[in-house]
Amino acid sequence: MKVIEIHTPSQDSVITCGAGCFKRLAPRFLAGHRNFVLTDSNVHALYGQDIKAVFGDAPVYILPAGEESKNEVSLFRILQAMIDAGLHRNSFLFAVGGGVVGDIGGLAAALYMRGIHCVQVPTTLLAQVDSSVGGKTAVDMGKVKNVVGAFYQPEAVLVDGTFLKTLPAREIRCGLGEIVKYGALNAKILDSLTENADRLFDLAYLAEITPECIEHKAEVVRLDERERGLRKSLNMGHTTAHAFELFYGGLSHGEFVLIGMYYELKIALAEGATTAEYAALLEGLILRVLGEVPRYEGVERAAEYARLDKKNAASDEVSMIVPADYGTYAELRLPFEKYRGYLVSLAEK
Ligand code: NAD
Ligand code: GLY
C-alpha cells in the first residue's frame with residue numbers, strides 16, 4: 001500500500017493506494033456514526049454486495065449513472081436523503097463511484113450542516129488518478145460545467161485498483177487522458193509513459209503509474225489548493241475539452257481532455273510556445289490512447305463555450321495551459337477571435 005498525504009489549512013487528506021484497500025480500510029471509518037453511501041446505478045449493479053458487506057445498514061443513494069446526473073436537482077435530492085437519514089456533523093459520506101459520484105458527493109458533504117466527513121472511493125481510472133484527489137467538488141448547471149462547487153478535501157481517499165477489472169476499455173482510455181496530461185506536466189511520468197507505451201492499457205502498469213500521478217497532483221494541491229496559480233496547470237487541455245464537451249457531448253470527459261490537448265498542442269506549436277519535436281512526441285502519445293481525433297463541424301460555435309472557462313481573466317480572451325518542453329508548461333492567453341480562428345483551421349484539416 002502506498003500512502004500519500006495532503007495537509008491543507010482546512011483538512012488533512014490521506015490517500016491510500018493498493019489492491020484491496022477499500023474492504024480493508026473503509027470499515028475503520030464506520031464506528032459510532034450514522035453514515036451515508038452515494039454510488040451510481042452501474043457501480044451498484046456490480047458492487048452492491050460489496051457495498052452492503054462493508055457498510056451494513058447505512059443508507060445507499062443510487063444516482064442514475066452518467067454526467068447528466070451531476071446537476072443541482074440531483075444534489076438537492078441527495079441532501080434531502082441525507083436529512084431523511086438523520087445524518088449529523090460527525091457523519092461520513094462515502095462516495096463510491098467515478099468522477100460524477102465523487103464530484104457531487106463531495107459537494108453534498110461540503111454543504112450538509114456546512115460540512116461533514118467525506119471519504120472518496122474512486123472506481124474509475126479517471127477518478128483514481130485525478131478527480132477523487134484534491135478536493136474539487138461541483139455540479140454542472142444549465143450548460144455550464146462544474147459551475148457550482150466548493151473546495152472540500154476528503155478526509156480519506158481509498159484508491160483500490162481491483163475496481164478497474166470491471167471497467168470498460170473505453171473508460172480506461174478516459175483515465176489515460178488525464179494520465180497523458182500528467183505526462184505533459186511531469187518528465188518522470190512522461191518517461192514512464194513513453195517507455196511503457198505498449199502497456200498503457202494493462203492494469204498492472206496502471207497500478208504502477210497511478211500513485212505517481214496522485215503524488216504529482218498532491219504536490220500541486222499542497223502548494224496551491226485554491227488554484228491561485230500553480231494548480232491551473234492541472235487544467236491542461238481542459239479549456240477546449242470543456243467547450244467541446246458542452247457543445248458536442250457524446251464522448252466522456254477524459255476523451256475530451258485528449259481532444260482538447262490535441263488542439264491546444266497544435267495551437268501552442270503555431271504560437272511558438274512549444275517545439276515541433278516535443279509536440280510530435282506528445283501527439284504520438286495522445287493518438288496512441290485516443291485512436292483518432294474525431295472530425296468536428298461547427299467549431300466556431302463550440303469555441304464560444306471556451307469564453308466561460310474559469311481560467312480566463314477577461315471575456316474576450318481565452319487562457320490555455322499548454323505543454324512547453326519536457327516537464328514544463330506555459331499559460332497561453334489568446335484574444336478570443338484568434339483562438340476561434342485556430343480551432344476553425346485545425347478542424348478543417
Ligand atoms: P463517471 O463517474 O460517469 O464514470 C464513468 C462510467 O463508468 C459510468 O457509467 C460509471 O457508472 C461507470 N463505472 C464506474 N466505476 C465502474 C467500475 N468499477 N466498473 C464498471 N463501470 C464503472 O465518469 P468519470 O470519467 O469517472 O468522471 C468524469 C467526471 O469527473 C466529470 O464530471 C468531470 O468533470 C469530473 N472530474 C472532476 C475532477 C476533479 O478534480 N474534481 C477532475 C477530473 C474530472
Ligand atoms: N482536475 C483539476 C484539478 O483538480 O485541479
Side-chain angles (χ1 to χ4, degrees), residues 6 22 38-48 50-51 62-71 74 95-107 110 118 120-140 144-147 149-154 157 159-179 181-182 185 203 213-214 216-221 223-239 241-242 245-246 249 251-258 260 310-311 321:
I6 302 176
F22 166 55
L38 180 70
T39 188
D40 78 18
S41 48
N42 290 339
V43 177
H44 192 257
L46 290 162
Y47 296 101
D50 293 331
I51 287 173
I62 305 169
L63 271 180
E67 181 76 21
E68 305 70 38
S69 288
K70 206 178 109 173
N71 59 40
S74 304
V96 185
V100 166
V101 167
D103 277 14
I104 195 169
L107 184 55
C118 179
Q120 293 278 351
V121 184
T123 63
T124 62
L125 180 62
L126 182 140
Q128 296 195 346
V129 293
D130 193 353
S131 64
S132 63
V133 173
K136 274 191 183 176
T137 73
V139 292
D140 309 331
V144 192
K145 213 172 141 50
N146 295 332
V147 70
F151 288 97
Y152 194 68
Q153 297 296 337
V157 186
V159 179
D160 187 336
T162 52
F163 284 113
L164 305 186
K165 288 182 184 164
T166 54
L167 202 61
R170 185 166 167 209
E171 297 298 340
I172 298 282
R173 183 186 310 140
C174 298
L176 278 165
E178 299 287 0
I179 291 175
K181 174 194 81 178
Y182 286 114
L185 295 169
L203 295 190
C213 296
I214 294 173
H216 179 96
K217 180 164 186 178
E219 184 58 18
V220 171
V221 174
L223 294 168
D224 179 23
E225 183 192 22
R226 300 286 162 137
E227 199 169 306
R228 309 276 188 239
L230 178 67
R231 190 167 179 171
K232 286 185 188 177
S233 64
L234 299 178
N235 295 321
M236 180 178 276
H238 285 56
T239 304
H242 282 167
E245 193 171 354
L246 285 167
L251 297 178
S252 69
H253 177 76
E255 289 168 316
F256 279 117
V257 168
L258 286 163
K310 294 187 282 303
K311 292 188 294 310
I321 306 297

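When a ligand or atom number is given, it counts from 1 through the structure's own listing order.
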| Counting both backbone and side chain atoms, is some N or O of Lys181 under 3.5 Å from an N or O of ligand 2? | no

| Arg231, any N or O under 3.5 Å of ligand 2 N or O | yes

| task | With the side chain counted from C-beta on, respond yes when Ile104 and Leu63 share a heavy-atom pair under 4.5 Å apart, and no when they do not. | result | yes

| remark: for atom 28 (C) of ligand 1, nearest protein heavy atom and its distance come out as Leu126 CD2, 3.9 Å

| query | What pair of heavy atoms forms the shortest contact from Phe256 to Gly249, and how long is it? | reply | CZ-O, 3.3 Å

| request: With heavy atoms under 4.0 Å as the rule, classify the contact between Asp40 and ligand 1 as side chain, backbone, both or neither. | output: side chain

| Taking all atoms of both residues into account, what is the closest heavy-atom pair of Thr137 and Ala150, and its distance? | OG1-O, 2.8 Å

| query | Are the side chains of Leu126 and Ser131 in touch, meaning some heavy atoms are under 4.5 Å apart? | reply | yes

| message | Counting C-beta onward and ignoring hydrogens, is there a side-chain heavy-atom pair between Ser69 and Asp40 closer than 4.5 Å? | response | no

| message | Going by the closest heavy atom to atom 31 (C) of ligand 1, which one wins out of His44, His238, Glu67? | response | Glu67

| query | What atoms of ligand 1 come within less than 4.0 Å of a heavy atom belonging to Lys136? | reply | 40 (O), 41 (N)

| For Val100, is at least one N or O under 3.5 Å away from an N or O on ligand 1? | yes

| request: Just let me know how Asn146 lines up against ligand 1, side chain, backbone, both or neither, with a heavy-atom cut-off below 4.0 Å. | output: side chain

| query | What is the nearest protein non-hydrogen atom to atom 15 (N) of ligand 1, stated with its residue, atom name and distance? | reply | Thr123 OG1, 2.7 Å

| query | Donor-acceptor pair, Gln120 side chain versus Val157 backbone, under 3.5 Å? | reply | no

| request: From the options Leu63, Val139, Thr124, select the one whose nearest heavy atom is closest to atom 13 (N) of ligand 1. | output: Thr124

| said: Restricting to non-hydrogen atoms, name the atom on Glu255 and the atom on Cys174 that form the minimum distance, rounded to 0.1 Å. | reply: CG-SG, 4.0 Å

| Hey, does Lys181 have a side-chain heavy atom less than 4.5 Å from the side chain of Leu234? | yes

| said: For atom 38 (C) of ligand 1, what is the closest protein heavy atom, and at what distance to 0.1 Å? | reply: Ser131 CB, 3.2 Å

| query | Do any N/O atoms on Gly66 end up under 3.5 angstrom from N/O atoms on ligand 1? | reply | no

| field | Proximal atoms of ligand 2 relative to Asn235 (non-hydrogen, under 4.0 Å) | value | 2 (C)

| note | Note: ligand 1 atoms sitting under 4.0 Å from heavy atoms of Leu46 are 19 (N), 20 (C)

| request: Please report which non-hydrogen protein atom sits nearest to atom 9 (O) of ligand 1, along with the residue it belongs to and the distance in Å to one decimal place. | output: Asn42 ND2, 2.9 Å

| request: Please work out whether any backbone atom (N, CA, C, O) or any side-chain heavy atom from C-beta onward of Asp130 is under 4.0 Å from ligand 2, and answer side chain, backbone, both or neither. | output: side chain

| Side chains of His238 and His253 in contact at under 4.5 Å (non-hydrogen atoms) | yes

| query | With distance as the sole test, does Glu245 use its side chain to make a donor-acceptor pair with the main-chain N or O of Leu251 at under 3.5 Å? | reply | no

| message | Is it the case that the side chain of Asn42 and the backbone of Ala65 share a donor-acceptor pair, with hydrogens and angles ignored and the cut-off at 3.5 Å? | response | no

| Hey, are the side chains of Leu167 and Thr123 touching, using non-hydrogen atoms and a 4.5 Å cut-off? | no

| For ligand 2, is there an atom lying under 4.0 Å from some heavy atom of Lys232? | no

| Just heavy atoms, cut-off under 4.0 Å: does Leu167 contact ligand 1 by side chain, backbone, both, or neither? | both

| task | Please work out whether any backbone atom (N, CA, C, O) or any side-chain heavy atom from C-beta onward of Val220 is under 4.0 Å from ligand 2, and answer side chain, backbone, both or neither. | result | neither

| query | Side-chain contact, heavy-atom cut-off 4.5 Å: Asp103 with Asn146? | reply | yes

| task | Report the part of Ala65 in contact with ligand 1, treating N, CA, C, O as backbone and CB onward as side chain, heavy atoms under 4.0 Å; options are side chain, backbone, both, neither. | result | side chain

| atom 35 (C) of ligand 1 [closest protein heavy-atom partner, distance rounded to 0.1 Å] | Asp103 OD2, 3.4 Å

| request: Report, in ascending order of atom number, the atoms of ligand 1 lying under 4.0 Å from any heavy atom of Lys145. | output: 31 (C), 32 (O), 33 (C), 34 (O)

| request: Could you pull out the closest heavy-atom pair between Gly99 and Ala127, with the gap in Å? | output: N-CB, 3.7 Å

| Would you say the side-chain atoms of Thr39 and Tyr47 include a donor-acceptor pair closer than 3.5 Å? | no

| query | Do Glu178 and ligand 1 have an N or O pair less than 3.5 Å apart? | reply | no

| note | ligand 1 atoms nearer than 4.0 angstrom to some heavy atom of Asp130 are 42 (C), 43 (C)

| What atoms of ligand 1 come within less than 4.0 Å of a heavy atom belonging to Phe163? | 17 (C), 18 (N)

| said: Quick check: closest heavy atoms across Lys136 and Asn235, and the distance to 0.1 Å? | reply: NZ-OD1, 3.9 Å

| message | How far is atom 20 (C) of ligand 1 from the closest protein heavy atom, and which atom is that? | response | Thr166 O, 3.2 Å

| Those atoms of ligand 1 less than 4.0 Å from some heavy atom in Lys217 | 40 (O)

| message | Ignoring hydrogens, what is the shortest heavy-atom contact between Val129 and Gly175? Give both atom names and the distance. | response | CG2-O, 4.1 Å

| field | ligand 2 atoms in contact with Lys217 (distance to a heavy atom under 4.0 Å) | value | 1 (N), 3 (C), 4 (O)

| query | Is Leu164 close to ligand 1, meaning an N/O of one under 3.5 Å from an N/O of the other? | reply | no

| task | With heavy atoms only and a cut-off of under 4.0 Å, state how Glu171 meets ligand 1: side chain, backbone, both or neither. | result | side chain

| task | Under 4.0 Å from a heavy atom of Lys70: give me the atoms of ligand 1 that qualify, with their elements. | result | 31 (C), 32 (O), 33 (C), 34 (O), 35 (C)

| said: Could you tell me if the side chain of Thr162 sits less than 4.5 Å from the side chain of Phe22, heavy atoms only? | reply: no

| query | What protein heavy atom sits nearest atom 23 (O) of ligand 1, and how far away is it? | reply | Gly99 N, 4.0 Å

